[in-house]
Amino acid sequence: MRYLTSLLILLSILIPSSSFADKEAAVDFTLEDVDGGLFSLKEHLGSGPVLIDFWATWCKPCKDAMPYLQKLHEKYSEQGLTLIAVSTDSPRSQSKVKPFIRSRHYTFKVLLDPNSEVLKQLQGRNLPFQVIIDKDGRVVESHTGYSPGDEKILEEKIKGMLLQDEQ
Amino acid sequence: MIKTRTAPRYGDSTGSMLLLPALMLIIMVKSGSAVDYSGNLQLRYDSGREVNPRVSDPFPDNRVDRDYFEGLFTAELFFSKLPVGDRLRLGIRLLELRPSDVDEQIYGFGDERRIDDRIYAQLSLNRWEFWLGDVYETFGRGMTLNLFENRDLYFNSGLRGGKVTYRSGRVRFKTIYGQSRRWYLVEEERLGGINLEYKPSPDYYFGGNLTLQDGLYYNRRFMPGAYGGFKIGPVSLYAEYAQSRLRDDSTATGVRLPGILSDGSSRRGEGAFVGLDVDLLGVYTQFNYKYYHFNADNPFQTPPIVQREYTMHLMSSHPHLPLIDDQIGFEADVSTLLDDLVFLNLNFSRASRHDGRDLLPSLKEDFSPFWEAYLESEIYAHERLNLKLGAGWNEEARVNFWQEKVGLFSEAVYNVSDFWSVTLSAENMWVDDRNEDEKWRDGYLSATVARAPLGSLNLSCEVSTLDSDVEGDRWIGAELAVTIKREHRLLLFAGRERGGLKCTSGVCRPVQPFEGVRITYDGRF
């Protein structure tokens with residue numbers, strides 16, 4: 001109860017009614033990438049849709065989806081698509097992430113979410129989990145699991161969003 | 001000093017779980033609902049029979065009815081344009097769990113029905129983040145602190161408290177304080193920790209951690225650690241060292257825990273991990289080394305494993321357990337992609353308990369030796385056909401246990417059209433149990449027909465030439481997955497599934513053989 005009371009006090013200070021007049025980007029996070037750099041989502045919004053793929057080195061269907069994600073990245077990144085693969089490997093298997101990505105020559109950005117905090121923030125529970133975010137930072141679509149052909153649905157969605165952004 | 005505490009309840013609930021949703025509602029009404037939200041609902045129901053390990057009768061008389069239900073609801077609100085701070089996130093999670101009889105016995109749920117709640121608030125302010133409520137964190141690679149949740153394994157080492165993080169290009173700082181709640185493998189303990197990392201250039205960094213732990217069983221543990229890494233051309237290296245010092249070994253009952261403090265030197269445990277990566281000429285080579293001598297298992301520490309976490313279905317169903325209290329080992333992993341058509345991965349690992357001061361694992365039976373070799377290939381044979389072939393071998397000896405396993409697996413994925421696909425998998429594993437002087441063979445077949453994005457149907461069959469007194473000798477099941485509007489997924493399983501040791505994220509638990517029907521729903525809004 002004590003921390004709830006603290007929370008209540010904090011909220012009453014921070015949130016006056018007027019702060020809800022304009023809607024702002026709902027989704028944001030900062031994670032480390034496999035090379036130790038920092039990646040902040042809000043710095044990559046605005047230029048086009050963002051496709052986030054949550055995966056882990058022990059997840060077989062996640063790995064099956066990766067070659068298709070690489071093709072999407074190669075095909076649409078210049079048009080504005082940002083593709084991010086977020087590994088939820090815990091620290092105990094985190095060292096396996098980089099070999100997996102580098103040895104297969106994947107060139108999309110790979111981030112680390114060792115406590116699955118961002119996965120939970122986006123309401124993901126099982127892997128693989130994919131989320132499409134529009135340039136304003138809103139979740140447009142999310143999907144759990146991978147079967148061959150799912151990448152076609154993703155591609156159609158991304159093409160539509162890129163077209164919409166151009167207009 | 002001997003501490004006395006009343007036994008905590010499993011995932012103890014408080015009345016506060018009703019207050020936060022009320023608070024959110026007030027805020028939303030007050031604000032005109034110009035706030036974003038997201039949510040998730042998961043429901044699961046199992047109805048059938050499962051093996052009860054406490055019943056000594058041979059299979060099938062060792063089975064009891066399984067009636068299990070869980071409902072998990074998560075909701076979040078996001079606020080932006082705040083007078084102080086960039087963004088505020090409020091979340092609540094409610095879990096209702098009605099465990100099966102076996103779950104109650106093994107995992108100590110105690111009561112027939114449990115309700116658990118989690119709440120959290122996260123305020124982002126430039127490079128700072130402030131958390132209040134249920135919090136999780138990892139320092140380095142988890143050698144002094146790794147707090148996480150694994151719902152599949154009934155594991156949650158999160159703290160109810162607060163944390164502060166600061167992240168810039170060069171400096172990263174984290175501090176956390178709170179109290180864990182009793183859950184599977186986790187006791188009620190107070191923890192506090194601090195981590196500072198400095199990265200003067202993109203190519204090298206170093207950091208230090210300190211965790212203080214004050215609990216019912218591991219009283220007043222003090223865990224300092226340091227780590228660092230660098231990258232020079234194709235070579236990168238990461239190294240971490242940590243200590244675990246027991247400051248007060250009294251337990252609630254005043255009994256010294258056997259095995260933890262067998263001699264004076266065991267008051268101070270330590271561990272080291274080194275990972276060396278070389279990415280050269282299209283071949284990625286990784287060499288990992290571990291030296292873990294923490295003297296006790298601790299649910300808040302999960303250092304890196306130095307072995308392949310998943311090989312194939314049959315070999316991974318009874319995996320080797322990394323032991324942080326006393327284990328030494330290494331792993332070599334080589335991967336390469338040939339002409340974009342064939343991917344090869346070879347992994348070799350070896351581990352054992354410490355044999356004196358040796359820096360390499362022992363092969364002597366007294367020191368629980370384990371070694372494994374695994375080769376996997378992926379062949380992109382045709383635009384519509386992918387093949388996977390693999391072979392593995394491992395051998396492990398422990399007290400009253402000595403097994404050698406050889407396994408082969410193959411998988412073919414054929415894309416019939418843009419949205420239809422067929423996947424066929426076959427595995428064989430030969431087991432030589434030298435402790436029991438028995439040999440047997442396990443086989444596994446699986447076929448999946450999928451229509452993206454609507455769903456899939458999977459049929460699987462596992463057989464063993466060993467008619468086990470505990471779990472029988474054949475497991476046949478079918479699973480139907482249906483996706484509705486991308487955000488909603490329904491899974492229906494019917495049949496028998498084989499039990500075994502399920503290990504992920506540094507936690508293991510035995511899963512009992514189950515037969516019956518399981519319905520799972522996962523939806524987001």
Inset, instruction - Any chance you could measure A:Asp33, atom CG, to A:Lys98, atom NZ, to the nearest 0.5 Å? - result: 9.0 Å

Inset, instruction - Using a cut-off of under 4.5 Å on heavy-atom pairs, state which of B:Gly140, B:Gly158, B:Ser421 scores highest against chain A. - result: B:Ser421

Inset, instruction - Please check if any side-chain donor atom of B:Arg489 sits under 3.5 Å from a side-chain acceptor atom of A:Asn126, or the reverse. - result: no

Legend entry - Segment of B:Thr483 engaging chain A (4.5 angstrom heavy-atom cut-off): side chain

Legend entry - Worked check of side-chain contact (heavy atoms from CB on, under 4.5 Å) between A:Asp134 and A:Gln164: CA-CA 11 Å; A:Asp134 69 14; A:Gln164 206 173 15; over 6 Å; no

Legend entry - Side chain / backbone / both / neither for B:Ser168 at chain A, heavy atoms under 4.5 Å: backbone

Inset, instruction - Decide whether B:Asn146 and B:Thr302 meet the rule of one side-chain donor and one side-chain acceptor closer than 3.5 Å. - result: yes

Inset, instruction - Go through the atoms of B:Glu487 and report whether side chain, backbone, both or neither lie under 4.5 Å from a heavy atom of chain A. - result: both

Inset, instruction - Counting only heavy atoms closer than 4.5 Å, note whether B:Phe343 contacts chain A via side chain, backbone, both or neither. - result: side chain

Legend entry - Toward chain A, the part of B:Val413 with a non-hydrogen atom under 4.5 Å: side chain

Legend entry - Between A:Arg102, A:Arg125, A:Glu117, A:Lys96, the one whose heavy-atom pairs under 4.5 Å with chain B are most numerous: A:Arg125

Legend entry - Part of B:Arg172 lying under 4.5 Å from any heavy atom of chain A: side chain

Inset, instruction - For B:Arg141, check salt bridge (charged side-chain N to carboxylate O under 4.0 Å, His left out) against everything at least two apart and list the hits. - result: none

Inset, instruction - Would you sort out whether B:Arg170 and B:Glu197 count as a side-chain contact (heavy atoms from CB on, under 4.5 Å), showing the intermediate values? - result: CA-CA 8 Å; B:Arg170 290 191 170 186; B:Glu197 185 179 308; over 6 Å; no

Inset, instruction - Hey, could you give me the CD/OG distance between B:Gln286 and B:Ser236, rounded to the nearest 0.5 Å? - result: 8.5 Å

Legend entry - Separation between CD1 of A:Ile52 and CD1 of A:Ile132, rounded to the nearest 0.5 Å: 10.5 Å

Legend entry - Nearest non-hydrogen partners of B:Met143 and B:Pro304, listed with the distance: CG-CD, 4.1 Å

Inset, instruction - Sort B:Glu378 into side chain, backbone, both or neither according to what part of it lies under 4.5 angstrom from a heavy atom of chain A. - result: side chain

Legend entry - Atom group of B:Asp86 that falls short of 4.5 Å from chain A, counting heavy atoms: side chain

Inset, instruction - Determine the option with the most heavy-atom pairs under 4.5 angstrom with chain A, choosing from B:Lys388, B:Lys485, B:His488. - result: B:Lys388

Inset, instruction - Would you mind checking which part of B:Asp522 comes under 4.5 Å of any heavy atom in chain A, side chain (CB onward), backbone (N, CA, C, O), both or neither? - result: side chain

Legend entry - Contact residues of residues 140-157 of chain A (partner chain B; heavy-atom separation under 4.5 angstrom): A:Val140, A:Glu141, A:Ser142, A:His143, A:Thr144, A:Gly145, A:Ser147, A:Pro148, A:Gly149, A:Asp150, A:Lys152, A:Ile153, A:Leu154

Legend entry - Proximity breakdown for B:Glu411 and chain A, heavy-atom pairs closer than 4.5 Å: side chain

Legend entry - Geometric cation-pi criterion A:Lys42 and A:Phe29, 6.0 Å radius, 45° cone: no

Inset, instruction - Please check if any side-chain donor atom of B:Gln122 sits under 3.5 Å from a side-chain acceptor atom of B:Tyr120, or the reverse. - result: no

Legend entry - Pair A:Thr107, A:Gln70: side-chain N/O donor-acceptor within cut-off below 3.5 Å: yes

Legend entry - Atom group of B:Asp203 that falls short of 4.5 Å from chain A, counting heavy atoms: neither

Inset, instruction - Determine, for B:Lys199 against A:Glu32, whether the closest basic-nitrogen to carboxylate-oxygen distance falls under 4.0 angstrom. - result: no

Legend entry - Under 4.5 Å from any heavy atom of chain A - which part of B:Pro303: backbone

Legend entry - Residues B:Asn288 and B:Glu331: side-chain donor-acceptor under 3.5 angstrom: yes

Legend entry - Ring centre gap for A:His73 and A:Tyr106 strictly below 6.0 Å: no

Inset, instruction - Using non-hydrogen atoms and a 4.5 Å limit, figure out which bit of B:Arg451 sits close to chain A: side chain, backbone, both or neither. - result: neither

Legend entry - Under 4.5 Å from any heavy atom of chain A - which part of B:Leu72: side chain

Inset, instruction - Count the heavy-atom pairs under 4.5 Å between each of A:Lys120, A:His105, A:Gln130 and chain B, then report the option with the highest count. - result: A:Lys120

Inset, instruction - Using a cut-off of under 4.5 Å on heavy-atom pairs, state which of B:Ser38, B:Ser417, B:Ser316 scores highest against chain A. - result: B:Ser38

Inset, instruction - Name the option with the most non-hydrogen atom pairs under 4.5 Å to chain B; the candidates are A:Asp35, A:Thr30, A:Asn115. - result: A:Asn115

